[in-house]
Amino acid sequence: MLKQTIISAAVLAAFAAATAHADKIEKPLGVVELFTSQGCSSCPPADKAAAALADDGDVIVLSYHVDYWNYLGWTDTMSSPENTKRQYDYSAAMGRSGVYTPQAVVNGRAEMVGTSLDKLRATLTDLKSDDKGLTVPVSLRKSGDEVIIDIGSGKGKADVLVVYFKSREQVAIKDGENEGRTIDYRNIVTDVQTVGMWHGEATKVTLPARVLEPRESDGCAILLQATDADGNPGAIFGATMVTAD
């Protein structure tokens with residue numbers, strides 16, 4: 001049975017422009033979420049690894065800049081309390097006592113220090129081999145003035161998230177632990193919206209494509225993500241990504 005959900009609010013403002021001329025990752029190997037900060041001296045190697053992974057072209061990489069290092073003398077220009085909250089929510093879901101940077105979360109299932117490109121790639125491969133990869137197909141298409149998210153069938157239930165991001169920005173850091181460094185950041189998360197639910201059956205989420213307000217983003221990822229009993233983020237079952245040219 002095909003279930004159709006129509007969302008009346010316009011939550012894909014940036015996507016309307018992105019679909020006309022876009023780069024897509026339609027069948028990703030996995031999703032890597034990096035929690036990082038411009039004010040953390042340990043983070044530049046992880047930012048570099050994230051950039052290299054993004055360049056592979058088959059992994060969805062999302063950089064969440066947290067705000068709890070801003071007291072060190074440099075306020076991260078991309079940080080937000082919402083990004084920090086997502087990291088704390090992951091920590092609660094995984095039974096950790098705290099958070100750190102640079103932390104990478106892979107497929108919502110595994111976490112590690114995000115500095116090793118080889119370890120990130122190996123974890124993605126291992127999760128896929130253990131049937132903890134992205135097993136539910138997710139795709140995007142534009143039809144007239146609508147954007148349609150098609151989700152395949154599978155087991156479990158999950159939220160449908162739209163993660164908006166700015167695909168690339170170089171930042172010259174003028175103070176704090178990374179003073180004097182210019183760092184290349186990739187897929188910088190600007191907003192996360194929940195636009196629907198998936199209950200294991202093939203589902204179609206229909207959204208208006210018109211632009212109602214400007215966003216500081218040029219792309220978005222769709223994540224099909226489970227939550228625990230407290231609403232904390234869990235396993236990612238499927239995903240897709242589109243970035244404007």
Side-chain angles (χ1 to χ4, degrees), residues 1-33 53-54 56-62 86 105-109 124 127-128 131-167 187 189-213 215 217-227 231 233-245:
M1 181 174 64
L2 181 66
K3 179 182 178 182
Q4 181 166 347
T5 304
I6 299 177
I7 309 297
S8 59
V11 294
L12 280 181
F15 182 71
T19 50
H21 302 284
D23 292 326
K24 295 182 179 181
I25 300 180
E26 296 181 323
K27 296 181 179 180
L29 175 63
V31 177
V32 173
E33 297 173 273
L53 200 58
D56 284 351
D58 61 351
V59 177
I60 294 175
V61 176
L62 299 168
R86 183 166 176 82
V105 177
V106 183
N107 292 355
R109 298 176 182 267
L124 286 160
L127 287 173
K128 184 176 181 180
D131 292 326
K132 295 179 180 179
L134 306 185
T135 57
V136 179
V138 180
S139 63
L140 290 168
R141 56 190 170 93
K142 190 169 183 288
S143 177
D145 61 355
E146 294 179 336
V147 171
I148 299 169
I149 304 171
D150 289 303
I151 304 169
S153 60
K155 295 182 179 179
K157 64 178 182 178
D159 292 340
V160 183
L161 304 182
V162 180
V163 182
Y164 295 98
F165 59 82
K166 186 173 183 178
S167 60
N187 298 351
V189 173
T190 59
D191 193 17
V192 181
Q193 297 285 337
T194 301
V195 299
M197 286 286 297
W198 175 80
H199 295 277
E201 60 195 53
T203 301
K204 192 186 304 292
V205 179
T206 303
L207 304 162
R210 63 188 180 274
V211 177
L212 293 187
E213 60 180 349
R215 289 182 181 271
S217 57
D218 57 12
C220 66
I222 309 299
L223 305 183
L224 188 64
Q225 185 164 36
T227 59
I236 297 174
F237 300 139
T240 191
M241 188 181 90
V242 60
T243 304
D245 290 342

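Starting from 1, each residue takes its place in the sequence as its number.
In this structure, Asn107 and Gly30 approach most closely via the heavy-atom pair OD1-CA, 3.3 Å.
Partners of Ser167 under the side chain to side chain donor-acceptor pair (under 3.5 Å) rule, at least two apart in sequence or in another chain, are Asp218. Remark: Asp150 engages Arg141, Lys204 in a salt bridge (Lys or Arg N to Asp or Glu O under 4.0 Å) (not counting sequence neighbours). Shown here are the salt bridge (Lys or Arg N to Asp or Glu O under 4.0 Å) partners of Lys166, two or more places apart in sequence or in another chain: Glu169. Scored by the side chain to side chain donor-acceptor pair (under 3.5 Å) test, Arg109 finds no partners at all (sequence neighbours excluded). Scored by the side chain to side chain contact (heavy atoms under 4.5 Å, CB included) test, Leu29 finds Asp58, Val59, Leu124, Lys128 as partners (sequence neighbours excluded).
Annotation: side chain of Leu62 is not in contact with side chain of Val32 (no heavy-atom distance under 4.5 Å). Side-chain contact between Leu134 and Ile236 is present, with at least one heavy-atom pair separated by less than 4.5 Å. Proximity of Glu201 to Ser153: side-chain heavy atoms (C-beta onward) are nowhere separated by under 4.5 Å.
Trp198 places no side-chain N or O within donor-acceptor distance of the main-chain N or O of Ala226, the cut-off being under 3.5 Å. Judged by distance alone, the side chain of Asn187 and the main-chain N or O of Phe165 form no donor-acceptor pair under 3.5 Å.
Note that CD1 of Ile222 is 7.5 Å distant from OG1 of Thr240, once rounded to the nearest 0.5 Å. To the nearest 0.5 Å, atoms CG (Leu223) and CE (Met241) are separated by 11.0 Å.
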**OP:** List the steps, then state whether side-chain contact (heavy atoms from CB on, under 4.5 Å) holds for Val160 with Leu224.
**Re:** CA-CA 5 Å; Val160 183; Leu224 188 64; 4.0 Å; yes
